[in-house]
Amino acid sequence: MYYIKLTSSDIDFGRSSITEIYVELNTEGRSVREIGYDVHNNVIHKFPSESYKDSKYGLFDLAPFDMGNMTSDIALEDFERMWNN
């Protein structure tokens, strides 16, 4: 698994209030879990989840990442800590 961080300077989140997102990717580059934060560092998106609006779907669940030179931005333990908060 790979754990990456994307911010609004990396990607245009469109009309979403998300300013940064952490994505867990499998070895094929597919999103497994996502955690999105707003400008106030509040969690506003978790995928998969039924607790957050529009979180039945991921922002990246349909588009695989290019895994050519992929490295993790954060450790599994850090991702798990954010996921469980």
Side-chain angles (χ1 to χ4, degrees):
M1 297 289 208
Y2 297 88
Y3 302 90
I4 63 169
K5 174 185 177 181
L6 299 169
T7 67
S8 55
S9 63
D10 299 315
I11 188 168
D12 180 6
F13 291 109
R15 297 187 334 227
S16 171
S17 298
I18 294 173
T19 57
E20 69 179 26
I21 191 166
Y22 293 84
V23 184
E24 178 182 52
L25 300 171
N26 66 17
T27 56
E28 297 172 349
R30 299 259 180 213
S31 174
V32 177
R33 295 185 290 176
E34 303 173 1
I35 309 166
Y37 292 89
D38 67 10
V39 69
H40 303 290
N41 207 32
N42 297 311
V43 174
I44 60 170
H45 170 77
K46 273 191 179 181
F47 164 75
S49 174
E50 294 185 12
S51 300
Y52 296 87
K53 183 181 180 217
D54 299 327
S55 291
K56 289 182 181 178
Y57 308 101
L59 296 181
F60 303 103
D61 62 332
L62 297 178
F65 283 77
D66 178 4
M67 301 304 288
N69 294 317
M70 184 64 67
T71 60
S72 289
D73 295 323
I74 63 169
L76 166 61
E77 296 79 15
D78 295 327
F79 187 92
E80 290 295 341
R81 180 183 45 77
M82 290 186 292
W83 182 262
N84 292 320
N85 282 337

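We use all heavy atoms of the structure for the numbers below, so side chains are in, but hydrogens, waters and symmetry mates are not. What you are looking at is a predicted structure, and each value in this text was computed from that prediction instead of being measured.
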Where do [X] and [Y] come nearest, in terms of heavy atoms and distance?
X	Y	answer
K46	V43	CG-CG1, 4.0 Å
D38	H40	OD1-N, 2.9 Å
P64	E28	CB-O, 4.1 Å

Roughly how far, to the nearest 0.5 Å, is [atom2] of [Y] from [atom1] of [X]?
X	Y	atom1	atom2	result
I11	I18	CD1	CD1	10.0 Å
S72	M1	OG	CE	10.5 Å
M67	N26	CE	CG	7.5 Å
I4	F79	CD1	CZ	10.0 Å
I21	Y37	CD1	OH	10.5 Å

Counting only heavy atoms from other residues, nucleotides and ligands, does the tally under 6.0 Å from CG of N69 exceed 12? no
Check: E34 side chain, L59 main-chain N or O, donor-acceptor pair, under 3.5 Å: yes
Is it possible for you to say whether [X] and [Y] belong to one hydrophobic cluster, with membership spreading through side-chain heavy-atom contacts below 4.5 Å?
X	Y	value
Y2	L76	no
I74	F60	no
Y57	I44	no
L25	M82	no
Y3	Y22	yes

Taking C-beta and beyond as the side chain, do E24 and W83 meet within less than 4.5 Å on heavy atoms? no
Any side-chain heavy atom of E20 within less than 4.5 Å of one from N41? yes
